[in-house]
Amino acid sequence: MQDDKQPVQTNFIRKIIESDLDNNPNFPEIITRFPPEPNGYLHIGHAKSICLNFGLAKEFGGLCNLRFDDTNPEKENTEYVESIKQDVKWLGYDWEDRLYFASDYFQKLYDFAVELIKHDKAYVDGLSGEEIHEYRGTLTEPGKNSPWRNREIQENLDLFERMRNGEFDEGSYVLRAKIDMRSPNINMRDPVLYRIRKAAHHRTGDKWKIYPMYDYAHCLSDALEYITHSVCTLEFEDHRALYDWIIDNLQTPSRPYQYEFARLNLDYTVLSKRKLISLVNEGFVNGWDDPRMPTISGFRRRGFTSSSIRKFCEVIGVTKNDTRIDPVVIETVLRDELGETTQRRMAVLDPLKVVIENYPDTTEQLEAMNHPQKPEMGTRKIPFSKTVYIEKDDFMEDAPKKFFRLSPGREVRLKYAYLITCTDVIKNDQGEIIELRCNYDPDSRGGNSPDGRKVKGTIHWVAEDGAVEAEVRLFDRMFTSAMPDKEEDWRADFNDDSKQINNTSLLEPSLKTADKAERFQFERLGYFCADSVDHSSESPVFNRIVTLRDTWAKVSKAR
RNA sequence: UGGGGUGUAGCCAAGUGGCCUAAGGCACCGGGUUUUGAUCCCGGCAUUCCCAGGUUCGAAUCCUGGCACCCCAGCCA
């Protein structure tokens, strides 16, 4: 990574690490981990965690592992594993040879459980799921002990082994920690450690009939990997007591500690895996990488850079506050970067024919800068001819004085070409404007005003000669309300106009050779990216990543 | 009503008893430059830190008491 050298804002986790290091000269190498469950695609919320964990490790000269928390075979599969690896890599992070799976630890975890049983810290319960729920008590009432809580150690050992051997049906037995059924923290009321599942696991197949629960597997996996700082989201705060209990009651190779930060909430979208899955399965979007999706693969397909996502994660900060971020924040970060790095091109999305009556029947080549502030990015030739196309929006028959684009009798600059004045408006039988007639000033080649006269408007255009027809996909926010997930029927707020396919676009000839995933700024329109899947030079397909900031649109809407 | 958290501008967020009559970013509002109504530049934007008391020469920072919001009762993670 060559970017990310902006001054970093500190956060409380960074400070905890600094103080750990300051207070203990023998503090081990900092090791963090990113621990997704492979049960879906990664989204922008995961990016925050990835940047935090890998970023912290890098900053303190330590390591960050990629660990799949694959303890629930029914929800997980290798497609998800592969997509997650691809996404983390794309974000610019490297776990080197430290790719781990909780399922790699199943035997060790089993041995630890036997230890707990031997120390009378765990027991096999025969209560049904429903009974366990009843015995647990409520938020305000204590639970009560299971009748099996005082089973003999030897019997527990025997039963647990037989659970593993597949002798019992799912749901008939569980292994529970023996802690305190009256604890005000519900997680400490004899939590289930192991359950019987006869499903095939994506990595261990049908070898195991019992699977560890998250709370049990996670802390021990951390300890086995010598994780120093186990960073997770706020909803696990209540689980920390259990995390510590398990580690403290076993002889583990290391002593990790858990810290929690607030997860990301983005307005106008949803970030829960369940909802994202249903958007895909119910056909609201065209898959996990639909450019409207807040998934990493969606952002990538849309044309976002990984550095903009990293920068975004830095900018929003890490705290314990419940926050919602407006999507304009990530768009601003992206624009800042693309404005610097991207070459300019001309394209007309909604063309209006313009015939320049006093221009000869020839085609000439004009020179255009690839970046207005960076001459070192070079120039290119664009053809100009008697017939050109401009944006329909750039013409108004009865224009207010603040409208300084084209209108009858007014003069504008065709960028890099000539000054033109509209002389006539041609309409069809329905009264729609279908063509404009203009005159040009032959002395204004390149767009310069020969006598220094003020020309307020400069518009983009594409000449008929050499124009490339393209499909351009325009995207908008996926939901019409900022917090769709607050409503019970969140699907009702899905933005049906979130995707528009435009087949009328005309591009300047140089865009014919654009590569898949190549990004440009289309002058005055925004940043666009050749679609990484559907684009080809025979049938170009561009996605609009984000518009330019548009003060005029804001002003005209306000009136 | 039990437990765990959080409250600094429209949105994020520094700040941990005196260089704070509270950084920075986004948004917003002016003004300038401009062959993108873009970019860039300049200026504005919390006498106040959830509220109320208290301690102190001095409080966003300490104490007490409220209030609001978030999370937890899966054999999910």
Side-chain angles (χ1 to χ4, degrees), chain A residues 7 9-11 15 35-37 39 69-72 74-76 125 127-129 132-134 136-143 170-176 183-189 191-197 210-211 213-215 217-218 232-241 260 262 267 273 315-326 328-333 335-336 339-340 344 346 368-369 371-373 402-405 412-417 419 444 446-449 455-460 521-526 547-556:
Chain A
Q9 176 166 283
T10 192
N11 63 56
K15 281 185 199 164
E37 182 187 16
N39 68 344
D69 237 326
D70 55 348
T71 56
N72 185 356
E74 287 158 336
K75 292 185 173 179
E76 300 152 4
D125 197 352
L127 251 30
S128 70
I132 287 177
H133 174 78
E134 285 162 15
R136 183 148 38 224
T138 69
L139 294 178
T140 53
E141 297 159 324
E170 287 188 11
S172 56
Y173 289 104
V174 290
L175 182 74
R176 291 232 249 171
S183 171
N185 180 349
I186 292 187
N187 294 297
M188 301 298 272
R189 319 241 259 233
V192 171
L193 267 21
Y194 269 93
R195 75 289 213 187
I196 299 170
R197 281 287 175 281
I210 57 172
Y211 290 90
M213 298 287 287
Y214 164 85
D215 283 311
H218 200 92
C232 63
T233 45
L234 242 29
E235 67 270 27
F236 293 105
E237 238 163 352
D238 289 341
H239 296 236
R240 191 172 60 232
E260 312 86 10
D267 281 342
K273 230 172 243 184
V315 157
I316 57 175
V318 178
T319 66
K320 295 174 93 109
N321 301 340
D322 286 323
T323 56
R324 308 211 113 247
I325 309 291
D326 192 295
V328 303
V329 176
I330 191 166
E331 290 171 3
T332 299
V333 167
R335 280 192 196 106
D336 284 350
E340 287 281 312
R344 310 293 109 133
M346 296 224 268
M369 296 185 77
H371 188 116
Q373 281 83 37
K402 296 286 271 181
F403 181 86
F404 38 83
R405 277 115 98 147
V412 297
R413 173 167 28 241
L414 294 181
K415 186 155 187 168
Y416 298 124
L419 304 180
S444 63
N448 305 299
S449 83
V455 178
K456 194 84 166 122
T458 299
I459 64 176
H460 58 97
Q521 184 197 94
F522 290 177
E523 298 251 11
R524 301 211 305 133
L525 295 174
T547 61
L548 254 28
R549 185 176 282 117
D550 189 350
T551 313
W552 168 247
K554 221 173 280 175
V555 171
S556 53

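Every chain is numbered from 1 and lettered A, B, ... according to where its sequence line falls, protein lines coming before strand lines.
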Report the nucleotide, chosen from B:rG37, B:rG2, B:rA38, that has the shortest atom-to-atom distance to any side-chain atom of A:R524. B:rG37
Taking side chain to side chain donor-acceptor pair (under 3.5 Å) as the definition, give me every residue that meets it alongside A:E74, ordered by chain and number, with sequence neighbours left out. A:R197
State which of B:rG15, B:rA13, B:rU1 makes the closest approach to the side chain of A:K15. B:rG15
Under the salt bridge (charged side-chain N to carboxylate O under 4.0 Å, His left out) test, which residues partner A:E260, sequence neighbours left out? A:R240, A:K320
Respond yes when some side-chain nitrogen or oxygen of A:T319 is under 4.0 Å from OP1 or OP2 of B:rA13, and no when none is. yes
For A:K273, side chain to side chain donor-acceptor pair (under 3.5 Å) partners two or more places apart: A:N39
Counting primed atoms plus P, OP1 and OP2 as sugar-phosphate and everything else as base, spell out the protein contacts along nucleotides 70-77 of chain B at 4.0 Å heavy-atom distance: B, S or - for each nucleotide, 5' to 3'. SBBBSBBB
Answer yes or no: does a side-chain N or O of A:T551 lie under 4.0 Å from OP1 or OP2 of B:rA38? yes
Each nucleotide N or O in nucleotides 22-25 of chain B that has a protein N or O under 3.5 Å away: list the pair and distance.
none

Side-chain donor/acceptor of A:N185 to backbone N/O of A:N187, under 3.5 Å: yes
Using a 90° cut-off around 0 for syn, call B:rG74 syn or anti. syn
Is A:T332 close enough to B:rA27 that one of its side-chain N or O atoms is under 4.0 Å from OP1 or OP2 there? yes
Dot-bracket for RNA chain B, please, read 5' to 3', with Watson-Crick or G-U wobble pairs under 3.5 Å on both distances, ( ) within the strand, [ ] crossing, | other strand, . unpaired. .(((((((.[[[..)..(.....]]].(((((.......))))).....[[[[[..)....]]]]])))))).....
